Engineer: 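My structure is below; once you've seen it, I'll send some questions.
Excluded from the calculations below are hydrogen atoms, water molecules and symmetry mates; all remaining heavy atoms, backbone and side chain alike, are included. Bear in mind the structure is a predicted one, so any value in this text is a computation, not a measurement.
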Amino acid sequence: MANPDFESNARWRDLDKLLLRPGNLVNENFEPGPQLRSDLQEYARVLVVGAGGLGCELLKDFALSGFRNLEVIDMDRIEVTNLNRQFLFRLQDVGRPKAEVAAQRVMERVSGVNIVPHFCRIEDKEVEFYNDFNIIALGLDSIEARSYINAVACSFLEYDSEDNPIQETMKPMVDGGTEGFKGHARVIMPGVTPCFECTIWLFPPQVKFPLCTLAETPRTAAHCIEYAHLIKWDEVNSGKAFDADDPEHMQWIYSEATKRAELFGIPGVTYSLTQGVVKNIIPAIASTNAIISAACALEALKLATGCSKTLSNYLTYNGLEGLHTKVTEFFKDKDCLVCGPGVLLELDTSITLQKFIELVEEHPKLLLAKASVTHRGKNLYMQAPPVLEEMTRSNLNLPLYDLMDKTPKDVIHITGMVSKNDKKTSCLRKLRVVFKGVDVVTEMDTAGGA
Amino acid sequence: MIRLFKVKEKQREAAENNNGRAPVKKQSPGELRLNKDISELNLPQTTKISFPNGKDELMNFEVSIRPDEGYYRSGKFEFTFQVSPTYPHEAPKVKCKTKVYHPNIDLEGNVCLNILREDWKPVLNINTVIYGLNYLFTHPNHEDPLNHEAAAVLRDNPKTFEANVRRAMSGGYVGNNTFSRCIY
């Protein structure tokens, strides 16, 4: 496979410094040598999720760090406001899919790299699509999208009978995020480090103004804009859905907000502030994206080659005044519904749902009374409200195995009441159910389903 | 580090074994949490809940409240709940489908309840929201108005307010606005 034109050692001089020499801080499996670079180039497959501010940087960084098999997925088309920081795009690209242009530009500039673009929503891909990659790098701006990819990556994770995660089934993620001058980079190794859902509380709640303030006593330009967006739009355009990406809609909001601001003598309503408030945009800073992506790409390189121990496990960066950066080690939630092992239960295929609910109540690891049971989005039994209890009651006498479509092993979720020190608290638990005497050789998926 | 070769082999095996596997229905953590909220609902006498999309689609549902005291006694008010996959990070979206003369609910059905917006916290749940809605009917509040005409009447002349509420609920006019009958 060697091509002397771009295989010259000069090109990989810096990478080779990491891959050819031993060190004290390397991973325990690290075997320095030239083979490592060619393995990285041949076998490491990385998916970049998002081709925006972070995604552009990530693709470039990966390509220049020796990765050759890259894919990128993004559902958006290029807008003129992207051009100041999404440096792979030019004015004439406006309107074209971000993933396609980003892939093309990086391939033009970095020889030997192959990037496959996917212009679609992340939910449009089969779950198996994501299993094809060794590392998933996230350059996203929403909690919802992160939560989805996290659930998919964790769904490949399997645990052994001692509840230890099985290494070959781990799908590592590196996640970057930026907001103005602030950013984070983190390494998620499902089953080892906290997954996105273990630490969802890290995200601050969105600022929301009380509706009555908007309606009655606006004090700021943002109040006037939110009034037009949340109250006036429905009043005037009854039934028509507001589309933040439609310039006409945005113009309408802007002009209504301006009228309102004049009425109350409030300065400061502009078109760009209107866009910012309605779409919840914080101005992006190109250098923050570059710094965060560089940290993510380096972590991916460490994961793939073992040339150093990885970040453990959450880096924050703040460039607002001077520079502050620090690494915090978060711990995973052992009962996490997404990445945790769940309680393993071996059952007979004949057990009815009723008997199963009784078993869960007596099981020493659960002791969960009044259980409601859900399997892959199907509510098998609901204790409340009465209308759902009635609809699911007839399942109680059926075998659980049949209710689970005769799946030999799978994850189910139960909710119910647990007594601790005479206090009753409600809880939601994940269970790994395995049916005895059923062939499970071809079954791979267990830990996920959340 | 990832053992690249091992991973490669494993993946090939997985792909081969993949045929005939049931398609995976993804259930978001938000859906699981909502299921928990629903399975623990403890509704007041005044409130009924229904799931128009059946027992497996709980993210959109309807709640009807029939207050048994206060200005709105015997009226019936329908609400829609829309829960996002990032629940409980985000509050449920609640709208009142019944047109109502109320200082804290506007004629489009927007509801001014603090726990639905600025004071929402992930430890709150569907039950709390439902109790909050009930509270709005027993304690309409003229200090946080969304329908400011109704709020002014409640503040300055509670007797007129009471008469207006009765007229609106019986399907009459208040000012220029017509209401549908919601007393059954």
Engineer: A/F203 versus chain B, heavy atoms under 4.5 Å apart: side chain, backbone, both or neither?
Structural biologist: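 Both parts, heavy atoms under 4.5 Å.
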
Engineer: Rounded at 0.5 Å granularity, tell me how far NE2 in B/H89 sits from CD in A/E144.
Structural biologist: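 Here the interatomic distance stands at 11.0 Å.
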
Engineer: Among A/T415, A/T213, A/V387, A/L211, which residue forms the greatest number of heavy-atom pairs with chain B at distances under 4.5 Å?
Structural biologist: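 Heavy-atom pairs under 4.5 Å are most numerous for A/L211.
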
Engineer: Please check if atom CD in A/E216 has more than 12 non-hydrogen atoms from other residues, nucleotides or ligands closer than 6.0 Å.
Structural biologist: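 Yes.
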
Engineer: Is there a side-chain contact between B/P29 and A/S147, using heavy atoms and a 4.5 Å cut-off?
Structural biologist: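 In contact.
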
Engineer: Is it the case that atom NZ in B/K95 sees more than 12 heavy atoms from other parts of the structure closer than 6.0 Å?
Structural biologist: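 Atom NZ in B/K95 is packed in, count exceeds 12.
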
Engineer: Measure the shortest side-chain to side-chain distance between B/N35 and A/N379 over non-hydrogen atoms and say whether it is less than 4.5 angstrom.
Structural biologist: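 Yes, close enough: below the 4.5 Å cut-off.
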
Engineer: What part of A/E235 gets within 4.5 angstrom of chain B, counting heavy atoms only: side chain, backbone, both, or neither?
Structural biologist: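 Backbone plus side chain of A/E235, per the 4.5 Å heavy-atom cut-off to chain B.
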
Engineer: More than 12 heavy atoms of other residues, nucleotides or ligands under 6.0 Å from OH of B/Y131: is that the case?
Structural biologist: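 Counting neighbours around OH of B/Y131, more than 12 heavy atoms of other residues, nucleotides or ligands fall under 6.0 Å, so yes.
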
Engineer: To the nearest 0.5 Å, how far apart are NZ in B/K55 and OG1 in A/T374?
Structural biologist: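 Result: 9.0 Å between the selected atoms.
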
Engineer: Is the shortest heavy-atom distance from the side chain of B/L146 to the side chain of A/I231 under 4.5 Å?
Structural biologist: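 Yes; the side chains approach each other to less than 4.5 Å.
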
Engineer: With respect to chain B, which residue among A/K309, A/M391, A/M417, A/Q383 yields the maximal number of heavy-atom pairs within a distance under 4.5 Å?
Structural biologist: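 Sorted descending by pairs with chain B, the first entry is A/M391.
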
Engineer: Between atom NZ of A/K208 and atom CD of B/E90, what is the distance when rounded to the nearest 0.5 Å?
Structural biologist: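 Reported to 0.5 Å precision, the distance equals 5.0 Å.
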
Engineer: What residue in B/L58, B/D106, B/L107, B/L116 has the most heavy-atom pairs under 4.5 Å with chain A?
Structural biologist: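 So the answer, after comparing B/L58, B/D106, B/L107, B/L116, is B/L58.
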
Engineer: Please state whether the side chain, the backbone, both or neither of B/P122 comes within less than 4.5 Å of a heavy atom of chain A.
Structural biologist: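 When you check distances to chain A, no heavy atom of B/P122 falls under 4.5 Å.
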
Engineer: Any side-chain heavy atom of B/E118 within less than 4.5 Å of one from A/P210?
Structural biologist: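 Yes. Closest side-chain heavy atoms under 4.5 Å.
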
Engineer: Pick whichever of A/P386, A/S426, A/S142, A/C427 has the most heavy-atom pairs under 4.5 Å with chain B.
Structural biologist: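 Sorted descending by pairs with chain B, the first entry is A/S426.
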
Engineer: Could you have a look at A/L214, A/L428, A/V26, A/I414 and say which one has the most heavy-atom pairs with chain B under 4.5 angstrom?
Structural biologist: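 The candidate making the most pairs under 4.5 Å is A/L428.
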
Engineer: Shorter than 4.5 Å, heavy atoms on both sides: which option in A/T217, A/L388, A/I200 has the most such pairs with chain B?
Structural biologist: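 Most pairs with chain B among the choices: A/L388.
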
Engineer: Enter the distance from B/K36:NZ to A/S372:OG here, rounded to the nearest 0.5 Å.
Structural biologist: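 Those atoms lie 11.0 Å apart.
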
Engineer: Does CZ belonging to A/R121 count more than 12 external heavy atoms closer than 6.0 Å?
Structural biologist: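 It does not: A/R121 CZ has 12 such atoms or fewer within range.
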
Engineer: Rounded at 0.5 Å granularity, tell me how far CG in B/L41 sits from CE in A/M382.
Structural biologist: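 The CE atom of A/M382 is 8.0 Å from CG of B/L41, to the nearest 0.5 Å.
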
Engineer: If you draw a 6.0 Å radius around NZ in A/K125, do more than 12 non-hydrogen atoms from other residues or ligands fall strictly inside?
Structural biologist: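 Result for NZ/A/K125: enclosed.
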
Engineer: Just how far is it from atom SG of A/C212 to atom CG of B/N147, taken to the nearest 0.5 Å?
Structural biologist: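 Between A/C212 SG and B/N147 CG, I get 12.5 Å after rounding to 0.5 Å.
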
